[in-house]
*Asks:* 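My questions will all concern the structure given below.
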Amino acid sequence: MAATGGCACGAVRYEFTGKPLIVHACHCRDCQRITGGAFVINLWMEAEQVKLTSGKLKRFGLKGGTGQDHEVFFCGQCGTYLWSKYHGAPGDARFVRAGTLDKPQAFKPDVHIFTRSKLRWVVLPSETPAFKTFYKFDQVWSPESLERLRRQRGIKKATAVR
Ligand SMILES: [Zn+2]
Ligand SMILES: [Zn+2]
């Protein structure tokens, strides 16, 4: 499965193949501010899966809720946020904003996080797990995604040694 997306002005285009490791709906205040919405839908992808096919990204450094670096990448022309890199997240991950996809319907959140700052009128589906802050990986992730993460971290370690 290949998915494509881009920014509002059309200068930046990207594509990825394969499934996200997990899909987060994050209700934290940072995500509300960055998106201007009630929450963000982030597709947690391995960095090497996401390919820029046109345009240029700019980056801006923020601090995540954990105090670790959070880089946001946006179109240099129109300012649309395409994805984030959270330095606190294991592996080399890109958190792709689902709203920038050509077909955002293709994905739905596996889990809602940081619901402590969820807007009160947002009603979450009862069948989707939700956490006031974050969760433990083995509580929420599929065995297949856990294995992919383990594999990627293994590769990263191996290249760091060389
Ligand atoms: Zn743009
Ligand atoms: Zn957030």
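One-based numbering along the sequence shown.
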*Asks:* Report the distance from atom OG1 of T4 to atom CG of D102, rounding to the nearest 0.5 Å.
*Replies:* 3.5 Å
*Asks:* For the pair K19 and R148, evaluate side chain to side chain contact (heavy atoms under 4.5 Å, CB included) and give the outcome as yes or no after the intermediate values.
*Replies:* CA-CA 11 Å; K19 304 196 297 180; R148 271 169 61 192; 4.3 Å; yes
*Asks:* Quick one, L57 and W83 - any side-chain contact, counting heavy atoms below 4.5 Å?
*Replies:* yes
*Asks:* Does Q49 offer a backbone N or O that forms a donor-acceptor pair with the side chain of T17 under 3.5 Å?
*Replies:* no
*Asks:* Hydrophobic clusters here meaning ILVMFWY residues chained together by side-chain heavy-atom distances under 4.5 Å, can you tell me if L52 and V96 are in one?
*Replies:*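 L52 clusters together with V96.
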*Asks:* Report yes or no: does Q32 contribute a side-chain atom to a donor-acceptor pair with the main-chain N or O of G37 at less than 3.5 Å?
*Replies:* no
*Asks:* Side-chain contact test, heavy atoms from C-beta onward, threshold under 4.5 Å: evaluate it for F107 versus I41 and give yes or no.
*Replies:* no
*Asks:* Identify whether Y86 and L21 are in the same connected component of the hydrophobic contact network (ILVMFWY, side-chain heavy atoms under 4.5 Å).
*Replies:*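 Result: yes, single cluster for both.
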*Asks:* Can you tell me how far CD1 of I113 sits from SG of C31, rounded to the nearest 0.5 angstrom?
*Replies:*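 Spacing of SG (C31) from CD1 (I113) equals 7.0 Å.
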*Asks:* With a 4.5 Å limit on heavy-atom distance, are the side chains of E147 and R150 in contact?
*Replies:*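 Side chain of E147 against side chain of R150, heavy atoms only: contact under 4.5 Å found.
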*Asks:* For F60, I'd like to know if atom CZ has over 12 heavy atoms of other residues, nucleotides or ligands within 6.0 Å.
*Replies:*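 Atom CZ in F60 is not packed in, count stays at 12 or less.
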*Asks:* So which atom in C28 and which in S117 form the shortest heavy-atom distance, rounded to 0.1 Å?
*Replies:*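 The pair with the smallest heavy-atom distance is CA-OG, 3.4 Å.
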*Asks:* Do F134 and H24 come within less than 4.5 Å of each other through their side chains, counting heavy atoms only?
*Replies:* yes
*Asks:* Has Q77 got a side-chain atom pairing as donor or acceptor with C7's backbone, closer than 3.5 angstrom?
*Replies:* no
*Asks:* Should F137 and F114 be regarded as members of a common hydrophobic cluster, given that ILVMFWY residues are connected when their side-chain heavy atoms come within less than 4.5 Å of each other, either directly or indirectly?
*Replies:* yes
*Asks:* Within the 4.5 Å heavy-atom criterion, are V111 and Q139 side-chain neighbours or not?
*Replies:*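 The answer is no; the side chains never approach within 4.5 Å.
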*Asks:* Please round to the nearest 0.5 Å and tell me the distance separating atom OH of Y14 and atom CZ of R94.
*Replies:* 13.5 Å
*Asks:* Under a 4.0 Å N-O cut-off, is there an ion pair linking K108 with D110?
*Replies:* no
*Asks:* How close do A98 and P104 get, heavy atom to heavy atom, and via which atoms?
*Replies:* O-CB, 3.5 Å
*Asks:* Can I34 be reached from V122 by stepping across I, L, V, M, F, W or Y side chains whose heavy atoms are under 4.5 Å apart?
*Replies:* no
*Asks:* In the structure I gave you, are the side-chain heavy atoms of F39 and K118 within less than 4.5 Å of one another anywhere?
*Replies:* no
*Asks:* Would you tell me whether S84 and H70 have side-chain atoms, one donor and one acceptor, within less than 3.5 Å of each other?
*Replies:* yes
*Asks:* Determine whether L101 and K103 satisfy the following criterion, side chain to side chain contact (heavy atoms under 4.5 Å, CB included), listing intermediate values before the conclusion.
*Replies:* CA-CA 5 Å; L101 289 167; K103 291 180 183 156; 5.6 Å; no
*Asks:* Rounded to the nearest 0.5 Å, what's the gap from CD on E71 to NZ on K85? Could you check?
*Replies:* 6.5 Å
*Asks:* State whether the side chain of T53 and the backbone N or O of R13 hold a donor-acceptor pair below 3.5 Å, judged by distance alone.
*Replies:* yes
*Asks:* Could you go step by step and tell me if L124 and H27 meet the side chain to side chain contact (heavy atoms under 4.5 Å, CB included) rule?
*Replies:* CA-CA 11 Å; L124 301 183; H27 300 257; 3.9 Å; yes
*Asks:* Can you name the nearest heavy-atom pair linking A8 to T80, along with the distance?
*Replies:*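 For A8 and T80, the tightest heavy-atom pair comes out as N-OG1, 3.2 Å.
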*Asks:* Using the six-membered ring wherever Trp is involved, compare the ring planes of F74 and Y81 and label them parallel, tilted or perpendicular (cut-offs 30° and 60°).
*Replies:*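 Ring orientation, 0 to 90° scale: perpendicular.
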*Asks:* State whether the side chain of T35 and the backbone N or O of V40 hold a donor-acceptor pair below 3.5 Å, judged by distance alone.
*Replies:*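 Side chain of T35 to backbone of V40, a donor-acceptor pair under 3.5 Å: no, none is there.
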*Asks:* I need the H87 NE2 to Q68 CD distance, nearest 0.5 Å.
*Replies:*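 Interatomic distance, H87 NE2 to Q68 CD, rounded to 0.5 Å: 9.0 Å.
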*Asks:* Kindly give the heavy-atom pair with the smallest separation between A93 and P90, and that separation in Å.
*Replies:* CB-O, 4.5 Å
*Asks:* Could you state the interatomic distance from CG (L43) to CD1 (I22), rounded to the nearest 0.5 Å?
*Replies:*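 Going from CG on L43 over to CD1 on I22, the span is 11.0 Å.
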*Asks:* Counting only heavy atoms from other residues, nucleotides and ligands, does the tally under 6.0 Å from CD of E144 exceed 12?
*Replies:*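 Counting neighbours around CD of E144, 12 or fewer heavy atoms of other residues, nucleotides or ligands fall under 6.0 Å, so no.
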*Asks:* Ignoring hydrogens and angles, tell me if any N or O in the side chain of T115 forms a donor-acceptor pair with the backbone of F131 under 3.5 Å.
*Replies:* yes
*Asks:* Run V12 and K56 through side chain to side chain contact (heavy atoms under 4.5 Å, CB included) and show every step you take.
*Replies:* CA-CA 6 Å; V12 170; K56 274 210 173 102; 5.9 Å; no
*Asks:* Taking the six-membered ring for Trp, are F95 and W44 ring centroids under 6.0 Å apart?
*Replies:* yes
*Asks:* Quick one: does any side-chain atom of Q152 pair with a main-chain N or O of D92 as donor and acceptor, under 3.5 Å?
*Replies:*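 Yes, the answer is positive, given that a donor and an acceptor are paired below the 3.5 Å cut-off.
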*Asks:* With the threshold set at 4.0 Å, does a side-chain nitrogen-carboxylate oxygen contact exist between D30 and K63?
*Replies:*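 Not counted as a salt bridge, because no side-chain N and carboxylate O are separated by less than 4.0 Å.
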